[in-house]
Structure formats: structure tokens, C-alpha cells
Amino acid sequence: MSAVASHTASSAALRFARGINVGVAVFLVLYGTIAVLQPGYFEVEGFLNFLRRAAPLIILACGQLFVIAGGGFDLSMGSLVTLTVLGGSMLAGGNPENTWWTIGVLYLIGLGVGLVNGLVVTLLKVPSIIATLGMLLSLNGAALMWSGGAPRGYLPENFRALGRLVYRDVPVTGIMPLSVLILTGFVALAAWLLHATVFGRQVLAVGDNPRAAELSGVPVGATRVLVFVISALSAVTAGILLGGFAGVSTAVGQGLELQAIAACVIGGAQLLGGRASVTGAVAGALSLFALFTLLNLMGLPQPLRETVQGLILIAAVASSAWRMRRA
Amino acid sequence: MSAAAPVLSMRGIGKSFTGVRALDDVSLDCRSGEVHAICGENGAGKSTLMKVLGGVYRPDEGEILLGGQPIAFRHPVEARRAGISIIHQELSLLPERSVADNIFLGLEPTRGGLLDRAAMRNGARKLLERVGARVQPAALVKSLSIAEQQLVEIAKALALDARIIVMDEPTAALDERDAGRLLDLVCTLRREGAAILYISHRMAELKAIADRITVLKDGKLVATHPAAALTPAMIVRLMVGRDLADFFPPPGDPAKLGPVVLSVQGAGNAILSDITLDLRAGEIVGVAGLEGSGKGALGRALFGDEPFTRGRMTIDGQDALIASPRAAIAAGVGFLSDDRKKEGIAPQQSLRDNVLMTLRAFAGRLLPPGSGDMARSAADRQLTQVDVRAAGFTQEIRELSGGNQQKVVIGRWLARDPKVLIFLEPTRGIDVAAKAAIYRLMRGLADRGRAILMISSDLPEIIGVSDRILVMHEGCIAGELQRGASEEDVMHLALGTGTTEAAA
Amino acid sequence: MSVADIAAPRPARDVPVAPLLFAGSLVLYVATALATGQHAYLTGEGFVGLTQRMVALGIVALGQTLAILVGSIDLSVANLISVSAVLASFIMKGEPGMIAPAVLAVLALSAAVGLVNGLIIARLDVNPLIATLGVGLILQGLLSASFSNFAGSVPAAFQAFAYGRIGPLPWSVLLLLVLALAIWLLLSRTRFGAHLYATGGNRDGARLAGIRTERVMIGAHVLCSLMAGLTGLYLASRLRAGAPWVGRDGVYDLESIAVVVIGGTVLAGGRGGVWGTLAGVFLFATLDAVFNMTGIDAFPKQVLRGAIVILAVAVYAVRSKGHVA
Amino acid sequence: QNFNDPAEFERQKALLTVAPQGPEGKPWEQNLGGEKVDTAKYKKPGPYKLCFSNAGVNNPWRVVGFTNMQAEVEANKADIASFTHADAEGKDDKQISDINAFVNSGQCDALIVSPNTTAALTPAVEAAAKKLPVVVFDRGVDSKAPVTFINPIGGYGFGIQGASFIAEKIPAGGSVLALRILPGVDVLENRWAAAERIFKEKGIKVVGAEFTNGDNAKTKAIVEDYLNRFGKIDGVWMDAGATAVAALEAFEDAGKPYPVINGEDQQDFLQKWKKNKLTAIAPTYPTYQWRTPVIAAIRILKGEPVVGPTWKLPQPAITAENLDKFVNDKMPPLHYALCGCEQMANYPARWGGK
Ligand SMILES: Nc1ncnc2c1ncn2[C@@H]1O[C@H](COP(=O)(O)OP(=O)(O)OP(=O)(O)O)[C@@H](O)[C@H]1O
Ligand SMILES: Nc1ncnc2c1ncn2[C@@H]1O[C@H](COP(=O)(O)OP(=O)(O)OP(=O)(O)O)[C@@H](O)[C@H]1O
Ligand SMILES: [Mg+2]
Ligand SMILES: [Mg+2]
């Protein structure tokens, strides 16, 4: 087929241009600016510390990405983070011996939440935006009910270490935060699941056209449920890191779900499914976090930071929409 | 034929998409009172040319003249105001709105600032009568069959009292009877002085109504000739660039017929009743029937999409409980839907991902997506086998022409290679060469011992390809015909005026 | 790409969501009042109190209905409500003479915000969730940068808007009804309404039919923002001044979306209407009253409310065919 | 509305040194100055039906406070026939409706209101006060209509106590980082206005004033950034204590010495203070004020005079000297030590303690 041959080269070039992620570009610009203001960020240590703080958001974005790729939304992530932190303190009660089974129980709770989200969407046919909004309200209420409205215990030190511990005197990098190791593992896992497994392709197919997927034999319901489970489990992971990093409070999870969605979209994921990349989501989350950091460093008054954040969000997404049309 | 100056002429139109030169220096004109047919292979650029005319795309080069005046459309509404009405290849109706709402969309009559519903109802009723659609103006479009929707789409195009009417494969979804009615309508419109651009892959239609025929190939104009000067074989040669010796494949060898693979006894559901049929390895069984006869429903029932609720079904002699498409595929049944856009393609995924969808649906979730028979080379072989024309196999499938999309979806089933294949309107919107290729593929599958149920509204194809023909009428199998039956035999049964032959 | 691509939950047969929801809520309300012996809730005054609870959420939700019907969504309403409330009382500064300029200024600003939302979504092709989230952030930022607390105050004459009555009926409840009627008329009896449904139902199809879908999208957003502006005016009148957090604290963004969907309007756009939305608002008002009557604690209340939101949609969605996402 | 009112600043500064009147050891029944109002016209036979319109329980301070109130209701079972509450979830509009519903219900002998915002709730409270006796606490209303308005000294007092301590303890030329929750909340704005004034008076350099949203993670990130930027921070002033421990942890994680800091009376901060021997102070906004309205309402309905129209409660600060009295490992991290609840029924379980 001569037509194929003649077009492949130019098409590949264009495809590559399209492949450069807006998220990556935005992140590089923002981080570069931070580092200029604050040279510490240019050092490995500065970057690792930055990663340590950004880790929960990156993990949330990766989890959310699966739901978005499958055509849905998960608004319940933030409140699940809250439940994880409050629940973790209730279960462990400050006793280091309780840490490991507490983490196990938290993951079980996450599994349950993901299953309920998924089943409400697939069986009750409630659109995920509403299903997970309802879950957001309920989980928040449940977390506060469980803890009586305020944290009732501490997270043990070994639990905290997951998000707080920093190994010193590490060769090459100098320091190595434990949470960065966890983050790396998690991102690798997510990238593998979405991009290097049959399951990942099934998710994208389901997000793109569930009916076509169904008629091709893809187990649409199961795929949807799994996607919500993945999202919930990543929320628990992020909760464990956040609780570890910062300790217990009732507001930890607030608003994280929208940040995660925004990160995915900046990273080029298509809301309502069919197009998603883990690299993009990670870059998007890093961009958002870099933006928060930069706005802090620039010392803009708080309100103007919100304004700048809004502008950048729109600009990033508009530019990728524009490139999409051009390409 | 009138010798008047053309109302429409397009000069040197060029249009490119990412890496695809869809149109290259195409010129074309049309006079009033003329039917100008455009044909060409899938992806030749026919629809793109019409979209340029309709203001959907802006051409990269060239100009459009209306009554001699150059004109540029920035929005479809401008083309409509200029008197150009287009029936697009892809249905663009609003499923949740009434038929009348759809017909008058963008042209709503008002009285005192408010919608004049009575006028809409009456106007819609007249237009529906004109196109021969038996639907109520108040019915919701989602409750109509694809064919009825196509007729509504045509009525909608007529609502705009246009000078120039473009029809992009209007009969693809219609059965013989409705298609015939539409062709009569086209002739009426021509008499009334409209300039009509008509796109179709059905040779018989072109011969019946076209005054002139233009052939496109790979985005370029091949030739424009008076229809009288062309035979179907010549048209095919212009389109494909070579002769197409055997359009229909040879019949199957009855001696090589295998055992019964799929058997249904006394099955039924809300639409179907008393379905009894046997499907044997190595045969192609055609299912004919008018729109609404339930032939589509039969395919969906066998595939578990809208399952049978009573009766018995066996596959390879085993009782098969088929309650979902996945179960059907697992039991060895494949299914090609007649609604490619809604049920066939995953639009933003690559050709490779689309062609591998079914294989991956049954592969281990955690396997690499390219492992085993899902390897890239296997996918590419499959795509090459069905002769997909694309810029590359990583291209998103939504960028392909309809015919090429269909080939990819067929490729998906070839890759899985099920025992029984149900093809629902397999060549809807597909060009002659590709049709021939698909028929050969089907015959090849049958020869390798697969059983094929080909459900189609295209009578020539039913007669030319099938080893046996089942004819449906009002949800039942009205009768069975052997190879060699005539179109009249089929229509008799389909209309309920025929006699049932004893099953052979 | 728009929200319009979400696979729509398609009821097997169209369920009359609005009357069912109204009736169900009413039964719940009356039954609870009887069961807890709080008969005052069943008097005329009790019902007026109940409808008064609907006004603020009701007006925003009417606007949100338009945004969702056209296949978009508006997350900026909460922030716009705050901006409107503050702007109104800031301009009025207690002067009766400044009521008209303030109202005009608020409506003009709201229309401008709607225009910006619409332009970003229709012209720049930004997903509506992100576009309106961003615009909301911008608004809130500018507002908080300028005002950190109640600004100005509204004159007594303007408070009549929220507190005045004709006979037993509060003005504001009447206004809600009139707005609902007007929007119903707009949707079902005008070309704009028909085009709005068309754009929401199938944007490409509507464009091919010669509809200026961008203008329709922008028009819907302008109307939606105007409704948010009106809500801001109502709240300024009811609270006697505008505070920069009234919108956010009222969670009017997510709640308005929730009631619209509960009311049977499809998130994908193109299907639904105002009465369902009003019924959804009525359910929320009923829940508030019922929770008060039963004295249920704050946290279990949240859990219940979440479950009810899901169940209210599930009741009719569960029968739909096809997939939802 | 002016958050930086010099007259109010001075008034609260003066109140900090006023000796409380009233029963010893029961600060929730004490008052700092103030008149008595005659309540004879409200007198009716008991037991009483009390109604409470709550702004919300959206933070641990309000949770502890509401628990105090419920315990107080139980302690007065003999006088209280019913106690109905409506939670406004932080919405002014809803709280207005809630109050109207209470007034119309005829089920309330007296109404207690904790307004969500001062200005917005004024008309509703005024209207209610025409029908029944109303007690307002925590945030006030712009009206003399309620029988009494109960609260501790206020935001300026808190700001003064924290900032004066920090200004005194940090080395000359030292730097202070201010961590605030969010802008626009009157009591928090007052605290900051007072602190800013003190720092200015004492010539202390404030390197930054950042909003944390009450979020521990954000707090830690901000403090880390400041430590990176300035190398050394001598003092941390906070307008609320919930994130104090997170701020201290940021110093730990960066390997820097603890700053001079003010927190609040949350147990986690007090415990950390004790354990790490911090140089610290904990000004308070005591949750025991939630007990007072119930007591006041009963007295009003009995026709006994109450302190009014404003009832100022004492607002002590926890210092190194009295720290031991308030630290209690058995209580949950965000329990407020000045709950005044130690002697109440079901203590500590009811407050989540062990
Ligand atoms: N939006 C688009 N983006 C990229 N490529 C496109 C787009 N639309 C059409 N093409 C390409 O342009 C070429 C012409 O397509 P077109 O739809 O006009 O073909 P056609 O002649 O109508 O075919 P068919 O008979 O299958 O309908 C094809 O190669 C197709 O892949
Ligand atoms: N879900 C349904 N419920 C009720 N009636 C239906 C349903 N689906 C289809 N029908 C009706 O059943 C009849 C048979 O439908 P079917 O789609 O099988 O028709 P067909 O015309 O034979 O197929 P095709 O469209 O492929 O030519 C039609 O009258 C159709 O309107
Ligand atoms: Mg075409
Ligand atoms: Mg059919």
C-alpha cells in the first residue's frame, strides 16, 4: 500500500509533536522558575523534598486517571483520604504494634469503597459524578462519625515514617525520602497497569465506547468496578502518606479530588474517557504542586494565588485543546 | 438534460487532514434538474467534498461558485441559507427529541416569538409522507429503527426548500422497498428542478437515476462522464483501477458441509417468536426481511445482546445459555453490528487497538497487550488482510472513512475466529471492491468450516452470497429459500404474500 | 470535547421524575411531622418556611439546568454568587437610591462572567468542568483580594426582596416560581430552547443542521450566570449584606448539580427540564426540615444525605439500558 | 467592618487583666464586669423546652463545645424537658430558616443561637427575640435584642497574649513567621490584627504571614519553604492551634531548633510542648463557653437575673507555669483543654478520652 508508506513519516512526526505533553512543559517552566527564586530546588535534595511533598497528589492523580480513562469521575477520593487518616489514628491508637494490621484494614476499607462506587455506577446506573459525590458526603460523615468529629488518636511513629522518614547519607542522591520510594513504586505500577497490560487497553476501550467494548466481549462492568477500586486504593495510599507526612487532621482530604482531576486534565487526559497517560498525570500533578509552591514563594497575596491558579488551569487545558485541533 | 449553466460548481478543491490529503484539486459542477452521482472507494474523499460544500470544513484550496458567484461558507448555517441541503452519511438526529423537532431543527416556525407547534406537526406529517416514512411526528427519534431515522433525516433535508440537495449514501440503511421509494423521490425532486449530488456504493442505483457520474480516487478526480456512457464494469474500473472479475464468490460445496454448529428451537423474546433454525459448518446463511421484520433482533438474540427469553439453543450440540455478548463470544459466536459508530469502533483508539479488542477481551488482564497472538505483527497482518487504507496503523480509527472503519471491525472478528459469525449488514456503506473482498473473506471462512449468518437488507448480496436464505416477517421466519432464488421469491416472503417452502 | 459525551442513562420508559419526586418528598415531610408530633410544620407558616428553604438553591439550580441541558456544566456559580452578593451590598451601601444601579451592575457582571465561561468552553474548546472551575478560582481570588468580609449593607427597601410577602407568600418564593415558569417557556416554546436541547443532545448534529452551537452554548452560560447573580442578590437581601464566602459555604456548585441530576436532567445534556430540578430542590429542602424535626446528629446526617443523593438518582436510573460513566 | 479596631483592642487588652467575678473554679459561670439584666418577664414554670440553632460542627473546637453543651443539658435534666437542635452546616441562609422554623414551631421556651456570621443572622435573631428569650454566644449579633450575649474576651485578647509572649522571648532582631487559617473570619482577623500591632510596637520582623487552610500538610510545606529561604526562624505565631504541631514537625524534619511558638489549648500541642520543653504559650478561646448559654437560658426562664446584655467569660492562657494542670495524655489530640468538662458526667469517654 503506497498510501500508507508515504503518509507514515509525516504522520509520525506530527504524532510525536502531539506526544510532548503539555503537563511536562508546564512543569518544567514552573519548576525552573521556582529554582531560580530558590536555588535549593536545583539540587537533588531540593527536588527530592519537592517530590516527597507532591507524592500524595501524584498518587491521587494516577488513581483518578484510571477512572477518567474509563469515562468516569471519582469525587470521593478526598474524603477517602480523610477517612484513611482519621481511621488510621482510631485503629492504631498511637501504638506502633498496630501499624501493619491498621494499614491492612485501611486498604480493605478502600477496597470496599471502590467496590461500592463501581457497583453503584455499573448496577444502579448512577452517573459516576453523582455516585461519587454521594460517596464523598457519606464518607466524610462516616469519618467524622467514627472519630466523633475530631481526631481521637495519634498515628504511631512507624506509620508516620511512611510519609515522613528521610534516609540520610544515601550515595548519589544524598537523601532519600521513604515516600519517594513508595511513590516511584506506585507510579511504575500504575504505568505498567495502564500502558503495558491488556487491562489498560480494556479500560481505554470501555472509556472510549462502552457499547463497542461490550459487543467485543470486554467485561465492561468488571472493568469499571476495577477502575474505581484502583482509584480508592490509591486514595488510601495517598492518605497513608499524607497522614505520615503531616499527622492527623479532619481537613486533610478536602478538595484533593478536584486537584487530582485537574492534574490528569493538564496531563492531557480526556475527561469522559478514551485517552490518558500516566506520564501526563504525573506531570500534571507535579505542575499543580509546583504552581502552589511557586505562588507561595513569590509571596503573592493568597487570593491572587487562586486567580493565577485558575488562569493557568484554563491556559494549560486550552493549549492542549488547541494543539489537539491543530495536530 | 438541461443545458443551463450549472447552479453549483466547485473548482480545484483541496483539503488535507493530519498526514492525509483527502481532496486534491477536485472540480465538479451540477445543474438544476440534474442528478450528479459521485462514487469512489472508501476513503476516496466523497464525504469530505460534500462537507466542504456544506460549510462543515473550509477547503485549503479552491473555490465554490453558486450561480456563478464565488462564495465561502464559514458555518453550515451559511450553506443552508444559500440553499444547500445535505443528508450526511453519519446520522445526526437528536434521539431524545420528537421527529417533528428534528425535521424542523434550525428552521422552527414561530408565531409571536413562540414555536408554532401545530405548524411543525403538520409540516412534518407532509414531509414524512413525501419520503414515505410511516412514523408519527410526535414520536421520539430514539424509538425509531435506523431505517426510519434515515427517512427522517431525508425529510429534514427536504424541510429546507433547497436548490441543491446532497445525499451521502442515503440508502445504505434502507431495505429494498424504502430504497426504491427514495429513488422515486429523487426523480421527483429532479423534475422540480433541484440540483442533486448523490453518493452511493450501489451500482444499480447509479444506473437508475444518475445523469452524470463522477469518480474520485485517493482524493483526486478520475473522471466525469454522462451516466449513459458508463457500464457498471467501467465505473468499477475507474474506481478501483482494475477489473473486478468475480463480484460474488463461488457458492459453497454442499458435499463439504459440516455438522450443525448452531441450532435454535422454538426460541423467542419480546420481538421474535418461534425461531427455529440450524446453522452448519461451512455454509453462509442469508437472512432477508424488510425493515422491522426482526432480522436485526434475531442477530442480537443469537449473540445474547437482547437474548431469547424462551426456547432452546445449542452450540456444537451443547446447550448454550447465552445471556450476554461475552457469553456468546466465549461459546464461539461473533457479531458484527450494523451501527458502526455507536457499537463498532472505539473512536479514539488506534487501528491496532481496535482490531485486537476482542482478543484482548479474553486475554489475561495482566498480560502485556502485545503478547502471543495479540502481537503487533499479528494485528498488522489482520489489518492488511481486510485491506484497510489508512495513513498508518497507529492512526485513530475515527479519522478513517466509514468503509475502512468497517473493515477494521471485521478484522477484529477474523482475529478471534469464532465458530459462528453473525454479520449484521456487513457491507453497509462499503465500496464495491471492498464488498467483493468481504464476500471472499466470508466464503473463505465458510470453507474453513465456520458457519456464517449474514443478515442483510441488500437483496443482491443476499442472493449472490448465501447458500440458503431465511426470510423474516413480523418477528418470525416466514420461510427458507435455496440458492438460486430470485428477488421476487424473497420479497414475496418478506411481504407476507409468499408461500413457505418445505424446509430442505 | 464536552460533557455531552457521557453515555446517557436511558430509562427504559421515561419516568415522570418530577411528580414522583415532589410526591415522595411531600409524603416524607408530612409523615415526619406527624410522627414527631411537630404539627407546626404542617401549618401554612410551616410550608412557607419549607418553600423559603428552596429559594437560593432553586434559583441557581434553574440556571445550572440550562448549563447541563446544553451539554456543559458550571462550577463557577458558587463563586459568582459570592461576588454578586458582595458587589450588590458594596454598591448599595445602605442607600435605597443605589438599589437599581447595584442590581444592574450585578446582572451585567454576571452576564459577563457567563459570556467568559461560554467563550472559553465554545471557542477555546476547554472542557467545561475545567473552564468553570478555573473561572470560579479567578473570581474567588479577585473577590477575596478586594474584600475580606461583609462589604457595605443593603437598605431596608431591598430586604423586602427576601423578607417581603404578598399575602402569605414570600416575594422570593414567587420569584422562584416565576423564573421556573419563564425558563420552562423558554425551553419548550422558543427556538432558543429547541436549539439548546439540540446542542446538548448532539453538538455536531446541531451544527450540521445549521445551528450556531457556539452562540447557544454561550447563551446558556450567560443565563446560568445571570441566575447565579440573582441568587447572590437574594442572599445579599436575606443576609442584609454580601459576604465573600456565602456561595462557597452554601456549596451551591455541587448541590445545584446534584439537584439537577436528581431531577432527571441527563448530565450528557439534551434531556430534562426545570420541573425535575425544582422537585430536586424540594427534596433537599424537605431533607433539611426532616433532619431538623428528627434532631439527627450532624455526621450521620451527612452519611444519610450522601446515600439519599445516590438513591434518588438510582431509583430511575437503574432501569436505564446501556452504560453510564 | 473593621478588623483592626484600636478601641476594641484596648478594651480587650484591659479585660485581660480584670479579675473575674463569680464562683471559684467555674469559669463558665464567671464574668468579667458587666451588668445584670432583669428577666422576670420571661419567668415560667419548668421543665423547659430549649432550642438551639447551631452554626455547625465543622471543626474540632465546635465538636468539643457542642459535646460540652449536651453534657450541660444532661446535667440539668430536672429543669429541661427537651433540647432540640438544628445544625446550619455553616450556611447563613439555612440558619435563618432554622431559627424561623424554631420560632414558628411553638416548641421552644427559649432559643440559644450560635450565629454563623454576625451581620447575616441579626434580623432573624431580632425577630426571634420578639417572641421568646434568646441567648447568643460565641459570635454575636448586631443587636441588643437577645437577653444576653455570652463569649470570652475575644480575638484581640488571643492575639495580644500570643504575640507579646513571642516578642518577649525571641532574641533581638529575630524573625517571626505568622501562620493563619484563612482570611475573612472576624475572630481570626482580630487575632492577627492584634498580633501585627504588637509585633510592630516591639519592632519584630515578620517574615511572612501565610494561610494554611488549617491543613497540616500545607502548613509543613510552607514552613519548610520558609526555613529553606531564611535558614532560621525564631518565632512562629499562629492564629489557631490546630496546625501548631505540624509547624513544629517541619522544624524537626529540617533539623532546626524549635521556634518560640504560640499554639492553642489542643492536647497534641500541649503534650508536645511538655515533652520537648518548648518555649511556648497557649492563648485560648475556651470551649467551656458552650456550657454557659444552657445555664443562662434556665436562669432566664426561672426569672433569675443573668449577666447581660454582654456576658464576658474569662479567657486564660496556658503558660509554662500551669501547663501540667492541662496536659492530659488520656485525651484525644485535638481535645481542647479548657473545656471545663472534667467534672461532668461521662468524662472522659464522652469527649473521646480513655
Ligand atoms: N476529520 C478527519 N480527520 C482526519 N482524516 C480524515 C477526517 N475526515 C476524513 N479523513 C480522511 O480523509 C479521507 C477521505 O474520507 P471521506 O470520509 O471523505 O471518504 P469517503 O469517500 O466518504 O469514504 P466512504 O465511502 O467510506 O464514506 C480518508 O482517508 C479519511 O481517513
Ligand atoms: N427494545 C425494543 N422494544 C420494543 N420493540 C423493539 C425493540 N427493538 C426493536 N423493536 C421493534 O422490533 C421490530 C424488529 O426490530 P429489528 O431491529 O430487528 O428490525 P429489522 O428491521 O429487521 O432489522 P434491520 O434494521 O437490521 O433491518 C421493529 O418493529 C422494531 O421497531
Ligand atoms: Mg463517506
Ligand atoms: Mg434493525
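Lettering of chains follows the sequences in order, A, B, ..., and the numbering in each one begins at 1. The figures here come from the full heavy-atom set of this structure, side chains too, leaving out hydrogens, waters and symmetry mates.
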At their closest point, which heavy atom of [X] faces which heavy atom of [Y], and how far apart are they?
X      : Y      : value
D:V63  : C:F299 : CG2-CZ, 4.1 Å
C:G37  : D:Q107 : O-NE2, 4.1 Å
C:W245 : D:T117 : CZ2-CG2, 3.4 Å

Heavy-atom pairs under 4.5 Å with chain D: which of [options] has the most?
options                      : value
C:E45, C:K301, C:Q302, C:Q38 : C:K301
C:I296, C:D288, C:V251       : C:D288
C:D249, C:T43, C:D297        : C:D249

(message) Taking side chain as everything from C-beta outward and backbone as N, CA, C, O, which of these in D:D98 sits under 4.5 Å from a heavy atom of chain C? Side chain, backbone, both or neither.
(response)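 For D:D98, heavy atoms of backbone and side chain both lie under 4.5 Å from chain C.
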
(message) Quick check on D:V103 against chain C: is it the side chain, the backbone, both or neither that has a heavy atom closer than 4.5 Å?
(response) neither

(request) Determine, step by step, whether C:N292 and D:F102 satisfy the side chain to side chain contact (heavy atoms under 4.5 Å, CB included) criterion, reporting the C-alpha distance in whole Å, the side-chain angles of both residues, the deciding distance to 0.1 Å, and the verdict. (result) CA-CA 9 Å; C:N292 279 355; D:F102 274 143; over 6 Å; no

Mind checking the [atom1]-[atom2] spacing from [X] to [Y]? Nearest 0.5 Å is all I need.
X     : Y      : atom1 : atom2 : result
C:Q52 : D:N100 : CD    : CG    : 7.5 Å
D:K91 : C:L57  : NZ    : CG    : 8.0 Å
D:S97 : C:R238 : OG    : CZ    : 4.0 Å

(message) Quick check on C:F90: does its CZ atom have over 12 non-hydrogen neighbours (other residues, nucleotides or ligands) under 6.0 Å away?
(response)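 No, the 6.0 Å shell around CZ holds no more than 12 heavy atoms from other groups.
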
(message) Under a 4.5 Å cutoff for heavy-atom pairs, which residue among D:N116, D:D93, D:T84 has the most contacts with chain C?
(response)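 Of the options given, most contacts go to D:D93.
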
(request) Specify which of D:G56, D:G106, D:P123 makes the most heavy-atom pairs with chain C at under 4.5 Å. (result)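 Going by pairs under 4.5 Å, I would pick D:P123.
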
(request) Might you work through the side chain to side chain contact (heavy atoms under 4.5 Å, CB included) test for D:L121 and C:L239, ending with a clear yes or no? (result) CA-CA 7 Å; D:L121 271 301; C:L239 310 184; 6.0 Å; no

(request) Could you tell me which portion of C:Y234 (side chain, backbone, both or neither) has an atom closer than 4.5 angstrom to a non-hydrogen atom of chain D? (result) side chain

(request) Identify which part of C:R240 has an atom lying under 4.5 Å from any heavy atom of chain D, answering side chain, backbone, both or neither. (result)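 Looking at C:R240, just its side chain touches chain D.
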
(request) Show your working on side chain to side chain contact (heavy atoms under 4.5 Å, CB included) between D:E89 and C:R305 and close with a plain yes or no. (result) CA-CA 13 Å; D:E89 298 160 25; C:R305 193 197 290 259; 3.0 Å; yes

(message) As a quick check of understanding, evaluate side chain to side chain contact (heavy atoms under 4.5 Å, CB included) for D:D87 and C:F291, giving each step before the final call.
(response) CA-CA 9 Å; D:D87 186 314; C:F291 286 143; over 6 Å; no

